[in-house]
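What you see is a predicted model, and the numbers here were worked out from it, not measured in a lab.
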Amino acid sequence: MEVTPNHTQAVSGWAAMDASGKVVPYAFKRRATGVDDVTIKVQYCGMCHTDLHFINNAWGITMYPVVPGHEITGVVTKVGTNVSAFKPGDRVGVGCIAASCLDCDHCNRSEENYCDKVTLTYNGIFWDGSITYGGYSNMLVAHKRFLVRIPDSLPLDAAAPLLCAGITVYSPMKQHGMLLGEAGRSLGVVGLGGLGHVAVKFGKAFGLHVTVISTSPGKEREARESLKADNFVLSTDDKQMQAMARSLDYVIDTVSAQHSLGPLLELLKVNGKLVLVAAPDKPVELPSFPLIFGKRTVSGSMTGGMKETQEMMDLCGEHNITCDIEVVSTDRINEALARLERNDVRYRFVVDIGGNGSKL
């Protein structure tokens with residue numbers, strides 16, 4: 001199975017072998033711990049919607065077998081001779097990125113996620129020509145640049161989804177000035193799932209007035225009571241939407257299904273900003289009138305750079321922000337994936353890779 005001779009470390013994991021959507025036990029090899037590498041015993045791995053897309057080849061780019069997982073937390077077991085920032089026993093996390101060129105303008109600005117040569121944690125091509133395998137596995141070798149430290153105050157299971165869901169909403173919120181704590185600023189969060197619930201938590205932690213915008217009336221109670229959202233709007237109710245017109249400074253859209261951006265743009269004040277962080281597989285509808293008549297901006301954002309990811313982790317440690325999770329054992333991965341497909345999760349599945357329920 002090895003693409004290169006330096007892949008000498010035997011690993012047990014879980015992989016999709018084809019587009020059938022089923023994940024099965026899979027033995028493979030990872031590279032030896034290089035001078036700049038850190039080897040990790042994986043404890044937990046969050047289950048992201050992206051995992052489903054890759055398992056099912058929804059984007060047409062899956063290289064089978066694919067070992068998914070890019071919300072990885074664990075403990076360092078070994079470090080290379082050039083590694084000084086980490087030592088065995090440290091609690092660490094690995095997110096969406098395994099490598100980048102390390103030398104372009106983006107890398108030099110700690111925006112590795114926008115590097116032309118960015119390599120994803122799984123289904124990517126690493127520097128040595130091998131295909132990257134993700135966190136549905138009992139160990140991982142990571143380059144020291146692409147690791148973050150998990151604050152001691154955060155549990156490794158509930159912190160895992162912060163490495164994708166957390167940074168994916170944190171990065172644009174920071175970019176667009178949502179986290180400056182300016183009095184009276186208002187945020188709309190579209191979709192109350194894995195990403196949306198973290199966006200609500202960040203918004204509340206930084207003093208924003210937060211409105212959840214959802215197609216599911218059943219989510220109003222949890223939005224208001226569990227997540228302490230200030231307001232809830234049913235996006236299928238025209239009256240509720242009209243009543244909210246021109247009331248929000250920012251909207252962060254976490255919905256990965258195809259939908260129109262028109263009604264969401266109407267909720268923004270003049271000069272308001274709408275940020276897309278999900279990836280519907282078909283184009284979204286973008287009418288020009290709400291853009292033009294409100295001087296509004298639509299932008300996109302993907303994950304975050306490493307410096308920003310560490311900063312987010314540290315803030316989560318300070319504010320005690322974690323994800324609301326349901327932990328599943330490795331023998332229930334397929335069941336969890338089926339439920340994720342139906343959006344039957346509050347709000348993130350986390351696979352217990354190293355723990356009591358694990359059958360690796």
Mind checking the CZ-CG spacing from F54 to L120? Nearest 0.5 Å is all I need.
-> 6.0 Å
Which class fits the ring pair H70 and Y122: parallel under 30°, tilted 30 to 60°, perpendicular over 60°?
-> tilted
Hey, is D230 close enough to K204 for a salt bridge, meaning N to O under 4.0 Å?
-> yes
Distance-only side-chain donor-acceptor flag, R30 / T39, under 3.5 Å | no
Within 6.0 angstrom of D116 CG, more than 12 heavy atoms from elsewhere | no
side-chain contact (heavy atoms from CB on, under 4.5 Å) partners for D90, two or more places apart = V76, F86, K87, V92, R149
So among M241, Q242, E285, which one has a side chain to side chain contact (heavy atoms under 4.5 Å, CB included) with P263?
-> M241
Will you find, in the side chains of R185 and Y250, an N or O donor that is under 3.5 Å from an N or O acceptor?
-> yes
For F126, is the NZ or CZ atom of R31 found under 6.0 angstrom from the centre of its six-membered ring and inside 45 degrees of the ring axis?
-> yes
Residues in side-chain contact (heavy atoms from CB on, under 4.5 Å) with E220, at least two apart?
-> R224, F232
Taking atom types as modelled, is there a side-chain donor on H209 or N231 under 3.5 Å from an acceptor on the other?
-> no
What is the distance from atom CD of E111 to atom CG of D105, rounded to the nearest 0.5 Å?
-> 9.5 Å
So how far is it from L267 CG to R296 CZ, rounded to the nearest 0.5 Å?
-> 8.5 Å
Take the angle between the ring planes of F293 and F289 and call it parallel below 30°, perpendicular above 60°, tilted in between.
-> parallel
Decide whether S100 and H106 meet the rule of one side-chain donor and one side-chain acceptor closer than 3.5 Å.
-> no
For residues T50 and C164, determine if any side-chain heavy atom of one lies less than 4.5 Å from a side-chain heavy atom of the other.
-> no
N-O pairing of K201 and D324 below 4.0 Å | yes
Which class fits the ring pair F202 and F206: parallel under 30°, tilted 30 to 60°, perpendicular over 60°?
-> tilted
Using a distance-only test with no angle check, is there a side-chain donor-acceptor pair under 3.5 angstrom linking S186 and D249?
-> yes
Taking a hydrophobic cluster as the set of Ile, Leu, Val, Met, Phe, Trp and Tyr residues connected by side-chain heavy atoms closer than 4.5 Å, whether directly or through intermediates, do L52 and V24 fall within one such cluster?
-> yes
